[in-house]
Visitor: 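Following this message is one structure expressed as structure tokens.
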Amino acid sequence: MTPSFRIASLLDKQPIGQAVEINGWVRTRRDSKDFSFLEINDGSCLRNLQVIVEAGLANYQQEVLRLSTGCSVRVRGMLAASPAKGQSVELKAAEIWVYGWADPETYPLQKKRHSFEFLREIAHLRPRTNSLGAVARVRSALSFAVHRFFQERGFQYVHTPIITTSDCEGAGEMFTVTALDLDNLPRKEGRTDFGQDFFGRQASLTVSGQLEAEIYCLALGQVYTFGPTFRAENSNTSRHLAEFWMIEPEMAFCDLAQDMAVAEEFIKYLVRHARENCAEDLNLFAGFVDKNLPARLEAVLSQDFARITYSEAVERLLASGRNFSYPVAWGADLQSEHERYLCEELFQGPLIVYDYPREIKPFYMRVNDDGKTVAAMDILVPGIGEIVGGSQREERYEVLLARLQELGLNQADYEWYLDLRRYGSVPHSGFGLGFERLIQFVSGMANIREVIPFPRTPGAAAF
RNA sequence: UCCCGGGUAGCUCAGUCGGUAGAGCAGGUGACUGUUAAUCACCCUGUCGGGGGUUCGAAUCCCUCCCCGGGAGCCA
């Protein structure tokens with residue numbers, strides 16, 4: 001029986017002179033006088049395998065000459081050194097079996113470059129292209145690297161709920177999950193009565209697994225989550241999705257400085273992993289997507305991330321002499337243009353800004369000794385902006401309670417969260433990293449819709 | 001959601017002053033060739049985003065809606 005190979009391993013091992021079998025999709029066919037060239041791709045790597053089909057093959061006239069982009073085939077034959085430039089080995093076909101045809105009159109993918117906007121409309125076919133196939137492999141490799149990084153360091157993987165009833169970050173941005181009859185909603189005091197709903201109260205898709213991760217952090221020490229997250233914000237940009245994947249480590253006995261150190265190490269680990277395991281794919285991005293990609297990734301690995309406090313950032317912005325559209329003032333959140341200036345011009349590389357004013361940050365962030373700031377940090381990277389947001393959590397019961405009241409939140413909703421501070425509370429910290437933004441950063445892909453297989457954005461949830 | 005810029009052949013786009021449309025690529029046919037974004041010749045392809053209006057006449061001007069891109073806000 002002929003041994004079957006994935007093209008990646010065939011090109012790696014190069015068993016010249018051996019009979020082999022490959023299965024894949026035709027990328028292109030070129031005919032010569034007495035034979036044809038087929039380029040076969042099976043998704044195992046970016047590269048195609050060149051197949052030589054002699055005109056004497058049984059089904060040459062009837063089938064081989066009809067093969068076009070997208071057809072699926074099995075090829076058995078002899079691997080040989082290639083006499084021509086462009087490839088070191090090629091497969092001399094002894095047998096071609098056509099699994100499925102792809103009518104060239106209607107098959108949308110052509111032997112030419114397509115715009116990403118067009119490919120988005122055919123999300124069921126776009127992974128068959130070089131660039132989207134490469135993105136898919138990089139995404140898979142980075143997913144694996146995420147787990148490896150944390151597992152190597154003794155973190156436990158925690159599955160936090162997708163459906164949640166804790167609306168800790170503001171209700172307006174959440175998707176409601178309901179089993180109620182939408183054409184006949186039960187009403188109570190002028191509003192929908194969620195008491196009659198499946199969970200007995202209003203439930204939503206999670207916007208963050210952090211609060212639940214804290215529970216397991218304060219039992220297992222070091223944990224991380226890696227799962228889908230949902231935001232019903234009507235934001236239409238190249239770096240927002242309604243459904244995206246987020247990684248949220250949470251560490252006990254850990255302060256903000258350690259939190260920042262882990263985040264920096266994590267990002268560097270992922271970049272290094274991609275460079276070492278997806279070199280071919282990254283090379284494609286460097287050639288066709290973002291010329292500066294290699295230099296940018298090198299810069300991430302070769303230098304320490306700059307760290308400045310929010311207050312220092314404000315000073316730098318004020319001293320820049322720039323005329324920003326939004327005024328710079330202590331107490332106001334940094335705008336995109338401010339972050340851009342700091343990250344892309346002033347520091348020209350990843351930058352960590354920390355110790356933000358308490359007024360612009362959520363209740364759970366730890367209040368610093370100055371009483372004015374909280375132990376929060378954002379990591380900004382060139383081209384994308386915020387890729388990580390994290391903080392040391394408020395572990396002091398009285399301070400946390402005061403913060404809840406200060407922000408007008410309903411204490412009853414947070415009793416379990418307060419319990420974590422009533423019983424055996426410890427300093428702890430964590431952060432959230434947007435997985436798609438990381439892939440954008442590592443691949444150079446400009447639009448976040450290209451780095452997730454099936455993007456969900458306002459008005460778009462096809463496939 | 002707001003501000004800009006777009007939507008014309010399967011794809012990427014051109015289309016002047018308002019006179020009902022073109023190119024390249026793809027596809028088809030043939031020629032040539034260890035080719036590799038193959039090359040050469042010929043051929044085919046249109047609800048000009050939808051709707052309404054102005055006009056003798058609209059891809060072109062006006063209104064409106066939808067979609068896409070860039071930027072902003074929100075954030076990861």
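Model, not experiment: these values are computed from the prediction. Chain naming here is simple, since letters A, B, ... match the order of the sequence lines and numbering starts at 1 in each.
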Visitor: For A:F244, check ring-ring contact (aromatic ring centres under 6.0 Å, His included) against everything at least two apart and list the hits.
Guide: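 ring-ring contact (aromatic ring centres under 6.0 Å, His included) list for A:F244, sorted by chain: empty.
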
Visitor: Could you tell me whether the side chains of A:Y157 and A:T225 share a donor-acceptor contact shorter than 3.5 Å?
Guide: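 Per modelled atom types, A:Y157 and A:T225 side chains form no pair under 3.5 Å.
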
Visitor: Considering only B:A72, B:G27, B:U1, which nucleotide approaches the side chain of A:R239 most closely?
Guide: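 Among B:A72, B:G27, B:U1, the one nearest the side chain of A:R239 is B:A72.
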
Visitor: Can you name the ring-ring contact (aromatic ring centres under 6.0 Å, His included) partners of A:F118, sequence neighbours left out?
Guide: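 A:H114.
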
Visitor: Is there a donor in the side chain of A:K111 and an acceptor in the side chain of A:T69, or the other way round, less than 3.5 Å apart?
Guide: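 Short answer, no.
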
Visitor: State, with a plain yes or no, whether a side-chain heavy atom of A:I352 is found less than 4.5 Å away from one of A:D378.
Guide: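 No; the side chains remain at least 4.5 Å from each other.
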
Visitor: Does either side chain, that of A:E90 or that of A:S82, offer a donor lying less than 3.5 Å from an acceptor on the other one?
Guide: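 Side chains of A:E90 and A:S82: pair found under 3.5 Å.
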
Visitor: Using a heavy-atom cut-off of 4.0 Å across all strands, would you classify A:E248 as base, sugar-phosphate, or nothing?
Guide: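 Counting heavy atoms under 4.0 Å across all strands, no contact is made by A:E248.
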
Visitor: Let me know the distance between CZ of A:F324 and P of B:G73, rounded to the nearest Å.
Guide: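 After rounding, the gap between these two atoms is 12 Å.
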
Visitor: What pairs with A:S235 under side chain to side chain contact (heavy atoms under 4.5 Å, CB included), at least two apart in sequence or on another chain?
Guide: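 For A:S235 the side chain to side chain contact (heavy atoms under 4.5 Å, CB included) partners, ignoring immediate neighbours, are A:E233, A:H240.
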
Visitor: Please report, rounded to the nearest Å, how far the C1' atom of B:A72 is from the CD atom of A:E233.
Guide: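 After rounding, the reported distance stands at 14 Å.
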
Visitor: For A:K268, does the NZ atom sit with more than 12 other heavy atoms under 6.0 Å from it, leaving out its own atoms?
Guide: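 Counting neighbours around NZ of A:K268, more than 12 heavy atoms of other residues, nucleotides or ligands fall under 6.0 Å, so yes.
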
Visitor: According to ring-ring contact (aromatic ring centres under 6.0 Å, His included), does anything in residues 5-33 of chain A pair up with another residue at least two apart or in another chain? List the pairs.
Guide: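 Applying ring-ring contact (aromatic ring centres under 6.0 Å, His included) to every pair that reaches into residues 5-33 of chain A, excluding sequence neighbours, yields nothing.
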
Visitor: Does NZ or CZ of A:R307 fall inside the cone over A:Y310's six-membered ring, less than 6.0 Å from its centre and within 45° of the axis?
Guide: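 No, cation not above the ring by the 6.0 Å, 45° rule.
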
Visitor: Does A:R437 make a side-chain donor-acceptor contact with the base of B:C75, cut-off 3.5 Å?
Guide: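 Flag set: donor-acceptor pair detected.
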
Visitor: Between A:D42 and A:N23, is any side-chain donor less than 3.5 angstrom from a side-chain acceptor?
Guide: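 There is no such pair (donor and acceptor under 3.5 Å, judged by atom type) between the side chains of A:D42 and A:N23.
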
Visitor: Under a 3.5 Å limit for both distances, which nucleotide forms a Watson-Crick or G-U wobble pair with B:G5, could you say?
Guide: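 Check on B:G5: paired to B:C68, both distances under 3.5 Å.
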
Visitor: Contacts to RNA chain B from residues 332-357 of chain A, heavy-atom cutoff under 4.0 Å, which residues?
Guide: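 Residues of residues 332-357 of chain A under 4.0 Å from RNA chain B: A:Q335, A:S336, A:R340.
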
Visitor: Which residue pairs satisfy the ring-ring contact (aromatic ring centres under 6.0 Å, His included) criterion with at least one member in residues 432-463 of chain A, sequence neighbours excluded?
Guide: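 Pairs touching residues 432-463 of chain A that pass the test: A:H124-A:F463, A:F226-A:F435.
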
Visitor: Does a donor on one side chain sit under 3.5 Å from an acceptor on the other, for A:Q202 and A:T176?
Guide: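 There is such a pair (donor and acceptor under 3.5 Å, judged by atom type) between the side chains of A:Q202 and A:T176.
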
Visitor: Of the residues in residues 452-463 of chain A, which ones touch RNA chain B at a heavy-atom distance under 4.0 Å?
Guide: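 RNA chain B contact set from residues 452-463 of chain A: none.
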
Visitor: May I have the distance from A:L38 (atom CG) to B:G34 (atom C1'), rounded to whole angstrom?
Guide: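 Rounded to the whole Å, the gap is 14 Å.
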
Visitor: Atom pairs, N/O to N/O, protein against nucleotides 4-10 of chain B, distance under 3.5 Å?
Guide:
from	atom 1	to	atom 2	distance (Å)
B:G10	N2	A:Q110	OE1	2.9
B:G10	N2	A:Q110	NE2	3.2
B:G10	N3	A:Q110	NE2	3.0

Visitor: Confirm from the modelled atom types if A:E117 and B:U12 form a donor-acceptor pair under 3.5 Å, side chain to base only.
Guide: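 Per atom types, no contact qualifies.
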
Visitor: Here's a test of your reading of the structure: between A:R449 and A:L433, which maps to the more 5' nucleotide of RNA chain B?
Guide: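 Result: A:R449.
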
Visitor: Which part of the nucleic acid, if any, lies within contact of A:K361, taking any heavy atom under 4.0 Å across all strands shown: a base, the sugar-phosphate backbone alone, or nothing?
Guide: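 Since no nucleic acid heavy atom lies under 4.0 Å of A:K361, the category is nothing.
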
Visitor: Looking for any heavy atom pair under 4.0 Å, which part of the strands does A:Q87 touch: base, sugar-phosphate only, or nothing?
Guide: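 If one applies the 4.0 Å heavy-atom cut-off, A:Q87 turns out to touch a base.
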
Visitor: My understanding is that only one of A:V26, A:N41, A:L38, A:I40 makes a side-chain contact (heavy atoms from CB on, under 4.5 Å) with A:N48; could you say which?
Guide: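 The option that passes is A:N41.
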
Visitor: Closer than 4.0 Å, any side-chain N/O of A:N236 to the OP1 or OP2 of B:C67?
Guide: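 No.
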
Visitor: Does any residue of residues 29-37 of chain A have a heavy atom under 4.0 Å from RNA chain B, and if so, which ones, in number order?
Guide: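 By residue number: A:R30, A:D31, A:S32, A:K33, A:F35, A:F37.
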
Visitor: Hey, is the main chain of A:L67 close enough, under 3.5 Å, to the side chain of A:R29 for a donor-acceptor pair?
Guide: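 Flag set: sc A:R29 to bb A:L67 pair under 3.5 Å.
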
Visitor: When you measure from every atom of RNA chain B, which of residues 41-60 of chain A have a heavy atom less than 4.0 Å away?
Guide: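 Contacting residues: A:Q50, A:I52.
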
Visitor: Report which part of the nucleic acid A:S82 touches: base, sugar-phosphate, or nothing (heavy-atom distance under 4.0 Å, all strands).
Guide: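 The residue A:S82 makes base contact.
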
Visitor: What residues form a ring-ring contact (aromatic ring centres under 6.0 Å, His included) with A:F155, not counting sequence neighbours?
Guide: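 A:F150.
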
Visitor: Would you kindly give the CD1-to-C1' distance between A:I267 and B:A76, to the nearest whole Å?
Guide: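 Interatomic distance, CD1 of A:I267 to C1' of B:A76: 11 Å.
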
Visitor: Grab the NZ-C1' distance between A:K111 and B:A38 for me, whole Å please.
Guide: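 For the pair A:K111 NZ and B:A38 C1', the rounded distance is 8 Å.
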
Visitor: With a non-hydrogen cut-off below 4.0 angstrom, is A:L438 in contact with a base, only sugar-phosphate, or nothing?
Guide: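 No contact.
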
Visitor: Could you check whether A:R66 makes a cation-pi contact with A:W101, meaning its NZ or CZ is under 6.0 Å from the centre of the six-membered ring and within 45° of the ring axis?
Guide: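 Here A:R66 passes the 6.0 Å and 45° test against A:W101.
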
Visitor: Check the distance between B:A26's P and A:H114's NE2 and give it to me in whole angstrom.
Guide: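 After rounding, the reported distance stands at 11 Å.
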
Visitor: Are A:H273 and A:F149 an aromatic pair, judged by ring center distance below 6.0 Å?
Guide: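 Distance test on ring centres: not under 6.0 Å, no.
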
Visitor: Does A:F435 stack onto the base of B:A76, taking stacking as ring centres under 5.5 Å apart and planes under 30° apart?
Guide: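 Base of B:A76: not stacked against A:F435.
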
Visitor: Check nucleotides 39-46 of chain B against the protein and report each pair of N or O atoms closer than 3.5 Å, with its distance, or say if there are none.
Guide:
none

Visitor: Please tell me whether A:W330 and A:S311 have a donor and an acceptor in their side chains that are separated by less than 3.5 angstrom.
Guide: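 Yes.
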
Visitor: How about A:Y269 and A:R148: does a side-chain donor come under 3.5 Å of a side-chain acceptor?
Guide: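 There is such a pair (donor and acceptor under 3.5 Å, judged by atom type) between the side chains of A:Y269 and A:R148.
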
Visitor: Quick one: on RNA chain B, does A:T69 or A:M246 contact a more 5' nucleotide (nearest heavy atom)?
Guide: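 First, find each residue's nearest nucleotide; the 5'-ward one identifies A:T69.
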
